[in-house]
**Student:** 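Here it is: the structure, laid out below.
Reckoned from all heavy atoms, side chains included, excluding hydrogens, waters and symmetry mates. Reminder, nothing fancy here: chain letters follow the sequence lines and each chain counts from 1.
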Amino acid sequence: MFSSPAFFRTIAETGGSMASKKQSAESEALLPIRHSTAHVMAEAVLSLFPGAQIAIGPAIEDGFYYDFDLPQSIKPEDLEQVEEKMKEIINGKHDFIKSVVSKEEARKIFSDQPYKLELLEDLPEDEEVSIYRQNSFVDLCRGPHVENTRELNSGAFKLLSVAGAYWRGDENRTMLQRIYGTAWKTPKELKAYLSRLKEIEARDHRKLGKELDLFSLHEDAGSGLVYWHPKGSRIRLAIEDFWRWEHLAGGYEVLYTPHVGKSTLWETSGHLSFYNDNMYAPMDIDGQDYYVKPMNCPFHIKIYQSDIRSYRDLPLRWAELGTVYRYERSGVLHGLMRVRGFTQDDAHIFCTPDQIEDEILEVLRFSLRIWKTFGFEDIKAYLATRPPEKSVGDDEDWKTATDSLKRAIELEGLEFEMDEGGGAFYGPKIDLKVNDALGREWQMTTIQFDFNLPERFGMTFVDKDGNEKRPFMVHRALLGSLERFFGVLIEHYGGAFPVWLAPVQVQVIPVAPAFEDYARQVKQAFTAAGLRTDADLSSQRMNAKIRLAQQQKVPYMAIVGEKEAETGQVSFRMRSGAKKNGIPLDEAVSEIKNAAESRSSVDPGAESGAPAAEK
RNA sequence: GCCAGAAUAGCUCAGCGGCAGAGCAGCUCACUCGUAAUGAGCAGGUCGUCGGUUCAAUUCCGACUUCUGGCUCCA
């Protein structure tokens, strides 16, 4: 466990684990269909690729896959042929026949399927195993399956992609070829699913990031490093301003710490021995090794240790937007979601053991409030407890910590799941997963106890009785990393940010060049009110300007022409398509200002029922 | 890192063993316009990099770089 980045694993993951979708009751009902379709696909592949060996083929969220060891590589173009063969098999109305056989018999049946034989070896010797047959195909399988291929709809499945996958997920073993597919009860459901995939594609933050000119990545200048463009930076500023203000109001102090530190610091923290694989190579400064920081915690601890701390000083809540760098393998990098350099919205809470319960409750409340402001209402908690293998800290502390985490979740009435033994070796934790507008679940917030670092650094506070004691330490990453959070935010809103976050809150559009002067005045009025405003004074026609602003998903367009210039008014066209003509300028200013200050996620004009036009 | 696919103008993409293409964006000019594209013209490229095959390579082959999809779901 210690060889992989299991050390500080979840903190590391706030750098970006991919989203997985919520498991719904409905998809469980689809399980036999998907699993059976996987078997049908395996049969089709075996008949089209003689000599193919089969590995495993489970049903997964939204579909299924099957892993093969094929004599030649399968290409995406081959999928169509496999699909045709599958339809043929399905239409053959074959029964799925279960039989229970001894392991010995199973070995004979799968004598030409080495992967199945290996799976057999892992099963208890005395136990019987079940096999499923349909048509010409037989698989070692626990089931369940549908009874007959007629229960599969030949128009309700689709093969989606081919990919490499290691046998048993172990990168030291054979690379198999995996075919992913999806299967549903009816063609209509398949269609709905495929259009969902399309919607996900349309909201892809990499695509929107380009279209809305928010950020870029430059392979030639280094993979996994994010460049924030002016418009993306405007959003980040709005996020950070809100973040800082909330933290200060919530009793946090904001810190700034260095980007690099001497090797001794990382030796003390243990990062060099446990997290080395994810750290960048040291740089030599005056004969000393300095490392770019992969985490902020040691620096916060140094600040803690810059003075003697009394129990009266605690709790200390210290937050930092700390930019860290971690080596990620090239194949896992993904837009803003998985990067090599990112800014964590980190915080560390140092407190006495009897303060811990209040502190945890407070940090949880704080996190939920922030998430709601960003428009994420559907949040689930995962409580991870002490791992059975090696871990640090004494039982009593673990119990206090775990109890306080659990109580906080219950007090907040959060839906939660227990992850028994899923904690890091250094402490229990709560992870918060948020659901976005498309129902995808993202692991974002992590609140983790740490019984390791205070020990390693020998942190103390002087208690009432005059004795030096060990403080409790809690790591908290709320949004995770600003980069990844930005990616999630872009996809959540599909680029149509709420007014308080929109890079351009109002776009002033003159109907003709004659009204450019008035457009400038209007822009000035909005700008003076602290609104992010652009005026489109290009030589294009008004319709083209509106189209552009609409494509840029600007929430308000202020259209000005003769009528407006004469009366000191503007006319609104909202991103939602709603229109509102002849508004006095000062009213227009305060309307947008109110929308921004309320930090509402409701789209302006949406209440009037006009749907957001999408072209 | 590994498997598969990909890399052509700022963007989206077509093409192909024999002169490098389109739309959008950009620039210039004209149009003076009321809620999703006014028109015309111009400019824009070492076809990712290096090597090989060939009379000839953007095209075929190889290596490298980078990107994309995957590498957790267990018979």
**Student:** Is there a donor on the side chain of A:Arg541 or the base of B:rC31 sitting less than 3.5 Å from an acceptor on the other?
**Tutor:** yes

**Student:** How many whole angstroms separate atom NZ of A:Lys210 from atom P of B:rA25?
**Tutor:** 18 Å

**Student:** Given the rule in the side-chain hydrogen bond (donor to acceptor under 3.5 Å, both in side chains) test, do A:Glu104 and A:Ser102 qualify, once you have shown the distances and angles that lead to the verdict?
**Tutor:** CA-CA 5 Å; A:Glu104 201 41 52; A:Ser102 69; over 6 Å; no

**Student:** Who is the Watson-Crick or G-U wobble partner of B:rA14, with both distances under 3.5 Å?
**Tutor:** none

**Student:** Return the 5'-most residue of the pair A:Arg142, A:Leu548 with respect to RNA chain B, ranking by each residue's nearest nucleotide.
**Tutor:** A:Leu548

**Student:** Return the nearest nucleotide to the side chain of A:Met175; candidates are B:rG34, B:rC71, B:rC3.
**Tutor:** B:rC3

**Student:** Where do A:Ile89 and A:Ala44 come nearest, in terms of heavy atoms and distance?
**Tutor:** CD1-N, 3.8 Å

**Student:** For B:rU54 and B:rA14, measure between their P atoms and round to the nearest Å.
**Tutor:** 32 Å

**Student:** Measure distances between side-chain N and O atoms of A:Tyr327 and base N and O atoms of B:rG1, and say whether any donor-acceptor pair falls under 3.5 Å.
**Tutor:** no

**Student:** How should the glycosidic conformation of B:rC19 be described, syn or anti, under the criterion that syn lies within 90° of 0?
**Tutor:** syn

**Student:** From the list B:rG69, B:rG1, B:rU35, which nucleotide is the closest neighbour of the side chain of A:Glu171?
**Tutor:** B:rG1

**Student:** Would you mind reading off the distance between A:Tyr65 atom OH and B:rC73 atom C1', rounded to a whole angstrom?
**Tutor:** 5 Å

**Student:** Rounded to whole angstrom units, what separation is found between the CD atom of A:Gln552 and the P atom of B:rA25?
**Tutor:** 13 Å

**Student:** Please give, in whole Å, the distance from B:rU72 C1' to A:Asp419 CG?
**Tutor:** 13 Å

**Student:** Answer yes or no: does a side-chain N or O of A:Ser330 lie under 4.0 Å from OP1 or OP2 of B:rU66?
**Tutor:** no

**Student:** Could you check which of B:rA37, B:rU68, B:rA75 has an atom nearest any side-chain atom of A:Arg206?
**Tutor:** B:rU68

**Student:** Looking only at side-chain atoms of A:Leu123, point me to the closest of B:rA75, B:rA37, B:rA4.
**Tutor:** B:rA75

**Student:** Answer yes or no: side-chain N or O of A:Glu564 and base N or O of B:rG34 forming a donor-acceptor pair under 3.5 Å.
**Tutor:** yes

**Student:** Would you kindly give the OH-to-P distance between A:Tyr166 and B:rC3, to the nearest whole Å?
**Tutor:** 7 Å

**Student:** If we take the C1' atom in both B:rC31 and B:rU38, what is their distance in whole Å?
**Tutor:** 7 Å

**Student:** Among B:rG70, B:rA36, B:rG34, which nucleotide has an atom closest to any side-chain atom of A:Ser571?
**Tutor:** B:rG34

**Student:** Which word best sums up how the rings of A:His39 and A:Phe137 line up, parallel for under 30°, tilted for 30 to 60°, or perpendicular for over 60°?
**Tutor:** perpendicular

**Student:** Scan side-chain atoms only and decide if A:Gln177 and A:Ser73 contain a donor-acceptor pair under the 3.5 Å cut-off.
**Tutor:** no

**Student:** Could you work out the separation of B:rC19 and B:rA25 based on their P atoms and round it to a whole Å?
**Tutor:** 30 Å

**Student:** Of the candidate nucleotides B:rA4, B:rG1, B:rC73, which contains the atom at the shortest distance from the side chain of A:Tyr180?
**Tutor:** B:rC73

**Student:** Who is the Watson-Crick or G-U wobble partner of B:rG44, with both distances under 3.5 Å?
**Tutor:** none

**Student:** If only side-chain N and O atoms of A:His35 are considered, is one of them under 4.0 Å from the OP1 or OP2 phosphate oxygen of B:rA75?
**Tutor:** no

**Student:** Regarding A:Gly169, tell me which of base, sugar-phosphate or nothing describes its non-hydrogen contacts under 4.0 Å with the strands shown.
**Tutor:** sugar-phosphate

**Student:** Closer to the 5' end of RNA chain B via nearest nucleotide, is it A:Gly561 or A:Gln177?
**Tutor:** A:Gln177

**Student:** Between A:Asp67 (CG) and B:rG70 (C1'), how many Å, whole number?
**Tutor:** 10 Å

**Student:** By the 4.0 Å heavy-atom rule, please label A:Asn581 as base, sugar-phosphate, or nothing.
**Tutor:** base

**Student:** Give me the distance, rounded to whole Å, that separates B:rU12 from B:rC73 when you measure between the C1' atoms they each carry.
**Tutor:** 36 Å

**Student:** Among B:rU35, B:rC33, B:rC2, which nucleotide sits nearest the side chain of A:Pro513?
**Tutor:** B:rC33

**Student:** Look through every strand shown and name the nucleotide pairing with B:rA56 as Watson-Crick or G-U wobble, where both distances are under 3.5 Å.
**Tutor:** none

**Student:** Taking a pair as Watson-Crick or G-U wobble with both distances under 3.5 Å, which nucleotide is matched to B:rA9?
**Tutor:** none

**Student:** Can you tell me, in whole Å, how much space there is between the P of B:rC61 and that of B:rA43?
**Tutor:** 36 Å

**Student:** Hey, does the side chain of A:Glu328 reach the backbone of A:Arg338 with a donor-acceptor pair shorter than 3.5 angstrom?
**Tutor:** no

**Student:** Can you tell me, in whole Å, how much space there is between the P of B:rU59 and that of B:rA40?
**Tutor:** 36 Å

**Student:** Between A:Tyr66 and A:Phe64, does the ring centre distance come in under 6.0 Å?
**Tutor:** no

**Student:** Looking only at atom P, what distance separates B:rA4 and B:rC42, rounded to whole Å?
**Tutor:** 47 Å

**Student:** Considering only atom P, compute the distance from B:rU35 to B:rG45 and round it to an integer number of Å.
**Tutor:** 40 Å

**Student:** If B:rA4 has a Watson-Crick or G-U wobble mate with both distances under 3.5 Å, name it; if not, just say none.
**Tutor:** B:rU68

**Student:** Give the rounded distance in Å between these two atoms: CZ of A:Arg329 and C1' of B:rG69.
**Tutor:** 16 Å

**Student:** Measure from the side chain of A:Pro58, starting at C-beta and using heavy atoms only, and say which of B:rG34, B:rC67, B:rC74 lies closest.
**Tutor:** B:rC74

**Student:** Taking only side-chain N and O atoms of A:Arg547, does any of them lie within less than 4.0 angstrom of OP1 or OP2 on B:rA37?
**Tutor:** no

**Student:** What is the nucleic acid contact for A:Glu211, judged by heavy atoms within less than 4.0 Å: base, sugar-phosphate only, or nothing?
**Tutor:** nothing

**Student:** Considering every strand and a 4.0 Å limit on heavy-atom distances, what is the contact class for A:Arg178: base, sugar-phosphate, or nothing?
**Tutor:** sugar-phosphate

**Student:** Whole Å only: how far is the CG atom of A:Asn543 from the C1' atom of B:rU32?
**Tutor:** 14 Å

**Student:** For the residue pair A:Phe572 and A:Tyr556, categorise the inter-ring angle as parallel (less than 30°), tilted (30 to 60°) or perpendicular (more than 60°).
**Tutor:** tilted

**Student:** Would you mind pulling out the nucleotide paired to B:rA20, Watson-Crick or G-U wobble, both distances under 3.5 Å?
**Tutor:** none

**Student:** Quiz question: going by heavy-atom distance under 3.5 Å, is there a donor-acceptor pair between the base of B:rA36 and the side chain of A:Arg573?
**Tutor:** yes

**Student:** Which nucleotide, B:rG34, B:rG69, B:rC2, lies nearest any side-chain atom of A:Ile559?
**Tutor:** B:rG34

**Student:** Would you say A:Ser36 and A:His145 are linked by a side-chain donor-acceptor pair, where the criterion is simply a distance under 3.5 Å?
**Tutor:** yes

**Student:** Counting only Watson-Crick or G-U wobble pairs whose two distances fall under 3.5 Å, which nucleotide matches B:rG39?
**Tutor:** B:rC29

**Student:** Of the nucleotides B:rG1, B:rA75, B:rA36, which has the atom closest to the A:Val129 side chain?
**Tutor:** B:rA75

**Student:** Both distances under 3.5 Å, Watson-Crick or G-U wobble: report the partner of B:rA63, or none.
**Tutor:** B:rU49

**Student:** How close do A:Pro71 and A:Pro50 get, heavy atom to heavy atom, and via which atoms?
**Tutor:** CG-O, 3.5 Å

**Student:** Any base atoms under 4.0 Å from A:Ala544, or only sugar-phosphate, or nothing? Heavy atoms, all strands.
**Tutor:** sugar-phosphate

**Student:** Any donor and acceptor pair, going by atom type alone, linking the side chain of A:Glu417 with main-chain N or O of A:Ala381 inside 3.5 Å?
**Tutor:** no

